[in-house]
Amino acid sequence: MIHEYLFLTDEYRSKVEKYKPDNITVNISNLDNTQHLWVITFIHQGKNEESAKLLSDIHDDIMKYSPLVLSCESSEYYNRILFPLINGLERKLRKLLYLAASISGNGEAGKNIKELEKKDFGEIFDLLFIDQKFICDMKIRINADGKSEFSGMNKYSKSEIQSYLNSLSECPLWDEIIDDKQVQTLRKRFRDVQSYRNDVMHAHNINNMLFSKAHYLFKTINRELDCAIDNLIGNAKNETVEFKPAKPAVNTAISSALAAMNLSILEASKSAMGSTAPLAQLLKQVIQPVPINMALAEVLKNIQIPTIQPAFVEAIQKASALQSNPEIETMRKQMKQIDDLMRAYRKMLQPYRAVQDSINNHISQARCSINEENEDNGDGINNEKQAEENSYE
């Protein structure tokens, strides 16, 4: 097992050269055709837990000197062990959600499962553990929304915000669809799970301590997921009449959470677009007069800059007022209406592309005209010089 580190200066070289860990082979070499670049390599025979532990400790020591990591095979070893546990956790979590939705079955199960299948791991976690309504309520207070009870209250102390925060309730989807006695570790430590998972999936370098914590956490949650899945399947098999799980409104809750998530994405997109003013400024920059000659200036004078249609502005404003609806289909229709309005607006801008083409043509024609005039003037000068030379002869 090998660790390699690149140093860009000799600042710490004397200290690093004196570092000789037990049972480790150390090699130091300079990079050819460079003045201060050098590499140190630590080698331990075998690729096992003992090798990974020794090299992980060396990694922690060497990183104090801020080298560039060229290879870190102890992290690779740990990643290979953790990856199957993470993969299992993600699959079991989806299995639990699909079972909960299916068993609850109120006609929305199929739609919800299809929507969940489209979400990646990060989106699933946001859906399960983040209450969009709670976030929205906090933003309204922090931003002192002019249309809310907090209008004009944009100056506040920490204690005022803390008091308002304490007054809010938080009800993530997980609490609505999963019994509070099941998979408690995931509920309490979902952020740790997300962080460790990202370290492994993005091949970040991890040390022995982080590996041990992640390994224990993933194994614990996988066991709890197995128990929760067995409980759902067992109850479904043993129930001779219509099954009613502990959380009967599972699909209604999932539909509402999906709608809230999609609306938050729409709101973020609307915010990214900004107000209509920057768009108008952009159009002015695109269709900007170029004073080449008077004829061209006259043409440009008659060009009208496109204006933002009120219908488009109104549609965007209404988007923020849309409320989360348990019926996901209703939300889809609302989003489609907005999309149709935006498509109509984009279509409205198409004629101005022709205007741009016209401007470009006028510019090209003007340049050609100027070039021709220059050529004519040049021929006239040459003819005068030739006539003058002939007169001397």
* To do: Please report the C-alpha distance between Ile86 and Phe121 in whole Å, then the side-chain angles of each, then the deciding distance to 0.1 Å, and finally whether the side chain to side chain contact (heavy atoms under 4.5 Å, CB included) criterion is met.
  => CA-CA 11 Å; Ile86 296 171; Phe121 185 74; 6.0 Å; no
* Trace of the side chain to side chain donor-acceptor pair (under 3.5 Å) decision for Arg191 with Gln194 -> CA-CA 5 Å; Arg191 282 301 187 204; Gln194 197 170 26; 2.7 Å; yes
* Leu165 and Phe134: CA distance, side-chain angles, deciding distance, side chain to side chain contact (heavy atoms under 4.5 Å, CB included) verdict -> CA-CA 9 Å; Leu165 177 64; Phe134 168 78; 3.5 Å; yes
* To do: Start with the C-alpha distance between Lys213 and Leu217, add both sets of side-chain angles, then the distance that settles side chain to side chain contact (heavy atoms under 4.5 Å, CB included), and finish with yes or no.
  => CA-CA 6 Å; Lys213 291 179 179 179; Leu217 182 62; over 6 Å; no
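The aromatic rings of Phe7 and Trp38 sit parallel, their planes meeting at an angle under 30°, below the 60° perpendicular limit. Note: Phe125 and Phe129 have perpendicular aromatic rings, judged against thresholds of 30 and 60 degrees for the angle between ring planes. Note on ring orientation: taking the six-membered ring where Trp is involved, the planes of Tyr78 and Phe211 are parallel (angle under 30°, cut-offs 30° and 60°).
For the pair Ser167 (side chain) and Tyr164 (backbone), a donor-acceptor distance under 3.5 Å is present. With Glu4 contributing its side chain and Ser71 its backbone, the two residues share no donor-acceptor pair below 3.5 Å. Between the Asn231 side chain and the Cys227 main chain, no donor and acceptor come within less than 3.5 Å of each other. Judged by distance alone, the side chain of Asp131 and the main-chain N or O of Cys171 form a donor-acceptor pair under 3.5 Å.
Side chains of Leu31 and Leu6 form a contact here, defined as non-hydrogen atoms less than 4.5 Å apart. Side-chain contact check for Leu55 versus Ile24: some heavy-atom pair is nearer than 4.5 Å. Between Leu82 and Asp199, every side-chain heavy-atom pair lies at or beyond the 4.5 Å cut-off.
Counting heavy atoms of neighbouring residues, nucleotides and ligands inside a 6.0 Å radius, atom OH of Tyr156 exceeds 12 of them.
Met63 is connected to Phe42 through a chain of hydrophobic side-chain contacts under 4.5 Å among Ile, Leu, Val, Met, Phe, Trp and Tyr, so both are in one cluster. Hydrophobic clustering places Tyr77 together with Val69 (ILVMFWY residues linked when any side-chain heavy atoms are closer than 4.5 Å, directly or through intermediates).
Arg80 has a carboxylate O that lies under 4.0 Å from a charged side-chain N of Glu76, or vice versa, which qualifies the two as a salt bridge.
Rounding to the nearest 0.5 Å places OH of Tyr65 at 10.5 Å from CD1 of Ile40.
Donor-acceptor pairing under 3.5 Å is lacking for the side chains of Ser163 and Asn166.
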